Amino acid sequence: MSETPLNFPLGHSGAALIVRSAAELGTIVREQRRELKLRQIDLAGIGNTGNRLIVDIEKGKPTVQIQKVLDVLDLLGLELIVRPKTPSSL
């Protein structure tokens, strides 16, 4: 997947989100795709991948290959940032 990213903000705020599960990431991917007014098959075509991959990511399938997820995030104009966890308040 070496297509140009679509570069649109997630939702209206574009705020960073903490993701703790594949299901949460899938929800973000689905919302961003819908925000861009793309069908799953459209996103698969842009990314030169199968529709099943998009379905699996959006359903939160935990065994999807990480590079494929990163490629889809890139196409949607999203990025994954890893940072140390912030201490929780008691």
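From a predicted model like this one, the values you see are computed outputs, not experimental measurements. For reference, positions follow the sequence shown, starting with 1.
Cluster membership check: V29 shares its hydrophobic cluster with L38, using side-chain heavy-atom separations under 4.5 Å among Ile, Leu, Val, Met, Phe, Trp and Tyr.
Shown here for G60 and A22, the closest heavy-atom pair between the two residues is O-CB, 3.2 Å. Closest approach of Q32 and L76 over heavy atoms only: NE2-O, 2.9 Å.
Applying the side chain to side chain contact (heavy atoms under 4.5 Å, CB included) rule to I41 yields the partners R39, N51; only residues at least two apart in sequence or on another chain are considered. Residues meeting the side chain to side chain contact (heavy atoms under 4.5 Å, CB included) test with V19, sequence neighbours left out: E24, L25, I28. In this structure R34 satisfies the salt bridge (charged side-chain N to carboxylate O under 4.0 Å, His left out) test with no other residue, sequence neighbours excluded. Remark: Q40 engages E58 in a side-chain hydrogen bond (donor to acceptor under 3.5 Å, both in side chains) (not counting sequence neighbours). With sequence neighbours excluded, the residues satisfying side-chain hydrogen bond (donor to acceptor under 3.5 Å, both in side chains) with Q67 are D71. In this structure K61 satisfies the side chain to side chain contact (heavy atoms under 4.5 Å, CB included) test together with D56, T63, V64, sequence neighbours excluded. Residues passing the side chain to side chain contact (heavy atoms under 4.5 Å, CB included) test with E79, sequence neighbours excluded: I81.
A distance of 7.0 Å separates CG of L75 from CD1 of I46, quoted to the nearest 0.5 Å. To the nearest 0.5 angstrom, D42 atom CG is 8.5 Å from R33 atom CZ. Here the CD1 atom belonging to I57 is positioned 4.0 Å from the CG atom belonging to L53, to the nearest 0.5 angstrom. Note that the CD atom of E31 and the CG atom of L78 stand 10.5 Å from one another [nearest 0.5 Å]. Here CD1 of I54 is found 10.5 Å from NZ of K68. Values are rounded to the nearest 0.5 Å.
Panel note: side chain T27, backbone A23; a donor-acceptor pair is recorded below 3.5 Å.
I66 has its side chain within reach of L70: a pair of non-hydrogen atoms, C-beta onward, lies under 4.5 Å apart.
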Side chain to side chain contact (heavy atoms under 4.5 Å, CB included), that's the test. Do R83 and T86 meet it? Break it down for me. CA-CA 9 Å; R83 63 176 170 82; T86 54; 3.3 Å; yes
Pair L73, V69 - check side chain to side chain contact (heavy atoms under 4.5 Å, CB included), show working. CA-CA 6 Å; L73 290 175; V69 173; 4.2 Å; yes
